Peer 1: 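I'd like to ask some things about the structure below.
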Amino acid sequence: MAADLLARRATPDQTTGTLMSAHDLSRLMKFLRQEEWRARFDAVMEEHVGAALDAFDLDFEALAEILGPHWSGTIWGCAFEDLISRTFGPDDENLVDAYLKRRGWNEKAPAKAYMKALRDARMSLYEVSEIVPGQSMRARDMVRDIEPVLVQERSATGSLKPWDRIGARIVTVNGKNILAGGLLAFSHQGGEALLSAIADALADQGAEILDTLDPDLMLADIAPIFTSTWLFETLGSTLAPDEPELYTSEGDPVLFHTVRWPIARGATQAMVAARLADIDALQPEGAKFWNWLETVPAAPAARGRDGLRWDVAMDDGARVLGNIDMKGRFVRLSVSSAARAERGRALLEAALEGLVERPLVEIQTIEQMRQARAEEGPLDAAAPDELSPEQAASLVQAMMDQHYRKALDLPVGMLDDKTPRAMASTDAGRRKVAEWLKYLENRSASQGPDDPMAQYDFGWMWRELGLESLRR
C-alpha cells in the first residue's frame, strides 16, 4: 500500500499514536492491515496528499524522502486519525467500532476510552497561548466559535510560541484535553491560506446548507484540506523551480548589492543604532538588525515580458526593500537592485553623517550570491565594541518602544492601511488589531531564546489600545 512508504519513514512513537501506554494504538494499526481497511486507508491517504503529489510531480517515495521521518510520520498520522473518524458503507462502519467489537477484549479500559475519544475528535486550526513548557497551553479554535480550552501537553509546548497556529485534534479523555499525534505547524500565512481554503469548501456547500451545518460534521468532511494546505506551503518552500529572469516590484533586474560602511573612529555601534532608530522606515528585528520597509508603494516600471517579480514581504504585507545590520566595525546594507542601493545609501548616509566612513560596494548575481553565502564569514565579529547582552537587551527595548509607539499612529497593511489606534476605536476593527498584535508577539517570540527580541513585552500596547480582553 502506498501509504506504507510514509509509515516506514516515521519514528516509532508516531506510528503508535503516543508514548503513553494507555493511549497505545499499535493493535488498532495492525487491524488496519485487513484488506478492506487497507483499501479505505489508501483512499483517505490519497485525499490528503494526492493534490500535492500531482502539483509537484512526486510519488509517495519521493515525498517521504523530502519530508524525512518526523513529518512523514505526522502526515501518516493525520490520514490515520481521519480514517478513524469516518464511517463507510450503508451500515456506517467505523474502524474503531469494528476493532473493539472483534478485538476489544484485548484492550484495557483506558485504551478503549482513548480510541473512542479520538474517533469523535475533529481536526481544526488552533491558536495557542498561555504556554507552560512541558505542561500545558491554551488553545483557541479558529474555525468553531467555542471557548478556548486548556490542553495538557508536554512535547509540543517545548517549542511552540504564543499565538502559533497548529492543525490538530484535541482529544478529551477523563476530563483532560490532550493532543492527538497528527500535529501540523502553520505559519501565519499558511494559517490564513488554510482558513481561506476552509471558507471556499464551505461556500461550495451552498448558503442554505451553511445555516444548518453542524461545525463538527463540517470539520469531519474537510480534514484532508489541512494536510494538503500544509504540504503545498512546505513543498513550495523546499522545492525551488527553475528560475526565470527576476525583477523587483519597481521593474529593476534583481542584482544583489551589499554596501558596507566602516564605523568611524570614536563612534560605536550604540551610537549608530540610536540614529537608525529615528528612521521610520526601519523596523528593528534585533539589537543589530533592521528591515527597511517600503512606506510609499512605487509605481511598477516596464519589465521583461518573460520575467517574474521577485520581492520579500512581511506577513502583514509590508514590502521589504532591504536589510541593515551591524557586525564588528561595519554597518551593512543588503538590497536586491541598483536603484534600491542608491536610495538606501542616500537614506543611511544622511542619518549616519559623522559616524561612518566612505562605503565599499559589492555587486553579485543570484548565482554568485548563493556561492558567497556558503563561504561568507562574520565581519570582524570579535571587535571590542560588540554590544554586551545587557546593552543589547536595553537597546532593543528602547528601539522597540520607540518603533511601536510610532506604529500605533501609522497605517498598517494588515489593517487595511488604517492606523492601529483608529482601527481599535471601532467594534469591527478591534479584532483585526488584536490579530495584528498577536502576529507581532508571535514573530518576536520566535526569535532565538538568547535574542532580546524574544523577551520584549507587548502588554503596554494591548493596554493602550484597550484590547486586553481579546488577548486570549
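Model, not experiment: these values are computed from the prediction.
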Peer 1: Name all pairs fulfilling the ring-ring contact (aromatic ring centres under 6.0 Å, His included) condition that reach into residues 115-148, sequence neighbours left out, sorted by first residue then second.
Peer 2: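 Matches after skipping sequence neighbours: none remain.
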Peer 1: Evaluate salt bridge (Lys or Arg N to Asp or Glu O under 4.0 Å) for R140 paired with E435, printing each intermediate quantity in order.
Peer 2: CA-CA 13 Å; R140 180 177 72 88; E435 290 300 315; 3.4 Å; yes
Peer 1: Please round to the nearest 0.5 Å and tell me the distance separating atom CG of L410 and atom CZ of R421.
Peer 2: 10.5 Å
Peer 1: Hey, could you give me each pair passing salt bridge (Lys or Arg N to Asp or Glu O under 4.0 Å) that has a residue in residues 145-157? Not counting sequence neighbours.
Peer 2: E147-R472
Peer 1: Assess whether atom CG of N106 is packed by more than 12 heavy atoms of other residues, nucleotides or ligands within 6.0 Å.
Peer 2: yes
Peer 1: For H48 and D82, test the side chains for any donor-to-acceptor distance below 3.5 angstrom and give the result as yes or no.
Peer 2: yes
Peer 1: Please round to the nearest 0.5 Å and tell me the distance separating atom NZ of K116 and atom CD1 of I84.
Peer 2: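 Answer rounded to 0.5 Å: 14.0 Å.
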Peer 1: Tell me yes or no: between the side chains of E250 and S337, is some donor less than 3.5 Å from an acceptor?
Peer 2: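 Per modelled atom types, E250 and S337 side chains form no pair under 3.5 Å.
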Peer 1: Would you say the side chain of L437 lies within less than 4.5 Å of the side chain of L465, judging by non-hydrogen atoms?
Peer 2: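 A side-chain contact exists here, since the closest heavy-atom pair is under 4.5 Å.
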Peer 1: Taking the side chain as C-beta and beyond, is there a heavy-atom pair between F186 and T229 under 4.5 Å?
Peer 2: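 SC-SC contact between F186 and T229 confirmed.
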Peer 1: Contact between L179 and M137 at the side-chain level, heavy atoms closer than 4.5 Å - yes or no?
Peer 2: yes
Peer 1: Y99 pairs by side chain to side chain donor-acceptor pair (under 3.5 Å) with which of K30, R27, Q34, E107?
Peer 2: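 When side chain to side chain donor-acceptor pair (under 3.5 Å) is applied between Y99 and each of K30, R27, Q34, E107, only E107 qualifies.
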Peer 1: Are there over 12 heavy-atom neighbours, none belonging to R431, within less than 6.0 Å of that residue's CZ?
Peer 2: no
Peer 1: Are D141 and I170 close enough that some pair of their side-chain heavy atoms sits under 4.5 Å apart?
Peer 2: no
Peer 1: Inspect the surroundings of CG in D57 and state if more than 12 heavy atoms from other residues, nucleotides or ligands are less than 6.0 Å away.
Peer 2: no
Peer 1: Would you mind telling me which of V151, V132, I131 makes a side-chain contact (heavy atoms from CB on, under 4.5 Å) with T157?
Peer 2: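 That would be I131.
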Peer 1: Do L95 and L28 have side-chain heavy atoms sitting under 4.5 Å apart?
Peer 2: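 Heavy-atom side-chain distance check passes, below 4.5 Å.
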Peer 1: Quick test of your reading of the model: are E192 and R165 salt-bridged, counting only N-O distances below 4.0 Å?
Peer 2: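 So E192 pairs with R165 through a salt bridge.
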Peer 1: So do the side chains of F80 and L32 get within less than 4.5 Å of each other, counting heavy atoms only?
Peer 2: yes
Peer 1: Check D97 with R119, please: is the shortest side-chain N to carboxylate O separation under 4.0 Å?
Peer 2: yes
Peer 1: Would you please indicate yes or no on a ring centroid separation below 6.0 angstrom for W76 and F60?
Peer 2: no
Peer 1: What I'd like to find out is whether the side chain of V335 reaches to under 4.5 Å of the side chain of L321, using heavy atoms alone.
Peer 2: no
